[in-house]
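Working notes, beginning with the structure itself.
The model shown is predicted, which means the values in this text are computed figures rather than measured ones. Values reported hereafter were calculated over all heavy atoms of this structure, with side chains retained and with hydrogens, waters and symmetry mates removed. Quick note: residue numbers are just sequence positions, from 1.
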Amino acid sequence: MKIKDAEIISLMQNPRTQEKGVRALMDAYQSRLYWHIRRIIVDGDLAQDTLQETFIKAYQNFHQFKNDSQLYTWLYRIATNEALQQVNKLKKMQKTDEDPEYYMQNLVADNTEGDAEEIQLLLQNAIQSLPEKQKLVFMMRYYDDLPYEEISKIVDMSVGTLKTNYHYAKQKIEEYIKENYER
């Protein structure tokens with residue numbers, strides 16, 4: 001039986017049951033948050049570390065949860081911020097031959113499994129080449145199928161701006177795939 005947000009919140013707010021609440025929180029949201037983070041970061045180990053940091057921040061700052069949004073929205077925002085911080089750290093540390101675009105281009109060049117995999121790799125490469133805001137909005141909308149209103153709360157942008165970012169991201173991805181797809 002899946003535990004409801006109200007139960008998790010109640011457990012988290014009581015110091016005696018807070019540990020049980022953290023476990024329930026992790027059980028309920030670990031998978032969804034991991035895949036959200038993983039699409040931003042790409043590296044599985046770093047995504048797992050970032051997920052753990054997300055839950056630590058949620059635990060430490062649960063007193064700031066105002067119950068004016070869904071618990072998932074609040075956690076998503078923390079996960080997004082943590083993932084973007086990791087991406088920024090990586091960008092500062094990486095050399096040009098280690099950046100995601102170079103890595104993805106090499107994967108595409110080495111791929112002999114067929115068109116579907118090539119297109120999937122091209123999609124990932126195209127997403128990685130997007131500006132951060134467009135990448136984030138595209139991933140939340142395309143992969144997680146979140147409504148614009150939820151995304152708006154997570155990234156603190158207006159719905160109109162989100163729709164524009166998503167539209168431009170889709171256009172850029174389509175152009176990228178058309179330009180780089182070899183039959």
Side-chain angles (χ1 to χ4, degrees), residues 29-54 57 70 72-183:
Y29 295 109
Q30 186 166 347
S31 180
R32 288 172 72 190
L33 289 173
Y34 171 78
W35 287 109
H36 168 65
I37 293 167
R38 178 76 188 265
R39 284 187 284 274
I40 296 171
I41 293 181
V42 181
D43 179 82
D45 292 335
L46 189 54
Q48 189 64 43
D49 292 345
T50 304
L51 177 65
Q52 295 307 315
E53 285 298 317
T54 298
K57 286 263 170 72
Q70 293 180 12
Y72 182 63
T73 303
W74 184 72
L75 290 169
Y76 224 72
R77 186 173 198 149
I78 294 170
T80 300
N81 289 338
E82 287 297 310
L84 291 175
Q85 284 178 1
Q86 287 296 335
V87 167
N88 288 335
K89 285 180 193 174
L90 286 174
K91 281 182 180 177
K92 289 177 185 175
M93 293 177 7
Q94 285 180 331
K95 296 177 177 78
T96 54
D97 64 327
E98 295 173 349
D99 74 15
E101 287 182 51
Y102 179 85
Y103 176 72
M104 294 304 293
Q105 286 170 350
N106 284 342
L107 280 179
V108 171
D110 295 340
N111 182 23
T112 57
E113 293 293 321
D115 289 347
E117 279 191 45
E118 183 178 356
I119 291 172
Q120 190 63 24
L121 289 171
L122 281 171
L123 173 62
Q124 293 304 316
N125 199 14
I127 291 169
Q128 291 301 321
S129 72
L130 292 172
E132 285 301 318
K133 284 182 185 177
Q134 289 177 11
K135 182 190 321 183
L136 192 58
V137 171
F138 180 82
M139 289 189 301
M140 288 181 180
R141 185 82 176 135
Y142 180 79
Y143 287 115
D144 299 324
D145 199 28
L146 290 175
Y148 287 113
E149 293 74 23
E150 286 294 309
I151 299 171
S152 174
K153 292 175 186 173
I154 292 167
V155 297
D156 200 26
M157 270 191 239
S158 74
V159 171
T161 302
L162 292 172
K163 288 181 178 180
T164 301
N165 275 297
Y166 184 74
H167 175 75
Y168 285 132
K170 272 184 20 182
Q171 279 183 326
K172 289 177 183 177
I173 289 169
E174 287 172 11
E175 288 171 17
Y176 185 94
I177 290 173
K178 285 177 185 174
E179 289 173 9
N180 294 287
Y181 181 63
E182 296 175 19
R183 291 184 191 182

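Put simply, the side chain of S152 gets close to the backbone of M157: a donor and an acceptor are under 3.5 Å apart. Judged purely by atom type and a 3.5 angstrom limit, R141 uses its side chain to pair as donor or acceptor with the backbone of L146. A donor-acceptor contact shorter than 3.5 Å links the side chain of R38 to the backbone of V42.
Two residues are said to be in side-chain contact when any heavy atoms from C-beta on lie closer than 4.5 Å; Q70 and L75 fail this criterion. Using a 4.5 Å heavy-atom threshold, the side chains of L162 and V155 count as touching.
Partners of Q30 according to the side-chain contact (heavy atoms from CB on, under 4.5 Å) rule, which considers only residues two or more places apart in sequence or in another chain, are M26, Q48, L51, F55. When the ring pair (Phe, Tyr, Trp, His ring centres under 6.0 Å) test is applied to Y72, the partners found at least two apart in sequence or on another chain are Y29, Y76.
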side-chain contact (heavy atoms from CB on, under 4.5 Å) assessment of L123 paired with Y142: CA-CA 12 Å; L123 173 62; Y142 180 79; 4.2 Å; yes
Run the side-chain contact (heavy atoms from CB on, under 4.5 Å) check on D144 and I151 step by step: do they pass? CA-CA 10 Å; D144 299 324; I151 299 171; over 6 Å; no
Stepwise, does the side-chain contact (heavy atoms from CB on, under 4.5 Å) test hold for M139 with H36? CA-CA 8 Å; M139 289 189 301; H36 168 65; 5.7 Å; no
For M140 and T80, what are the C-alpha separation, side-chain angles and deciding distance, and is it a side-chain contact (heavy atoms from CB on, under 4.5 Å)? CA-CA 10 Å; M140 288 181 180; T80 300; 3.2 Å; yes
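Using a 3.5 Å distance cut-off with no hydrogens or angles, the side chains of T161 and T164 do not pair a donor with an acceptor.
Closest approach of A169 to L130, counting heavy atoms only: CB-CD1, 3.8 Å. Minimum interatomic distance between S129 and A126 (heavy atoms only, all atoms of both residues): OG-O, 2.7 Å. Among all heavy-atom pairs drawn from I41 and A47, the shortest one is CG2-N, 4.2 Å. Contact detail for R77 and D156: the closest heavy-atom pair is NH2-CB, 3.0 Å. Summarising the geometry of A79 relative to L33, their closest heavy-atom pair is CB-CD2, 3.9 Å, with the distance given to 0.1 Å.
For the atom pair NZ (K135) and CG (N165), the distance works out to 13.0 Å, reported to the nearest 0.5 Å. Here the straight-line distance linking atom NZ of K153 with atom OG1 of T73 works out to 6.0 Å at 0.5 Å rounding. Between the NZ atom in K89 and the OG1 atom in T50 there is a gap of 8.0 Å [rounded to 0.5 Å]. Of the inter-residue distances, the one linking I154 atom CD1 with I78 atom CD1 reads 11.0 Å to the nearest 0.5 angstrom. Here E53 contributes atom CD and Q85 contributes atom CD; the two are 9.5 Å apart, rounded to the nearest 0.5 Å. Rounding to the nearest 0.5 Å places CG of L136 at 5.5 Å from CG of L84.
For residues 143-170, the pairs satisfying ring-ring contact (aromatic ring centres under 6.0 Å, His included) are F138-Y166, with sequence neighbours left out.
E175 and K172 are not joined by a salt bridge, as no carboxylate oxygen comes within less than 4.0 angstrom of a charged side-chain nitrogen.
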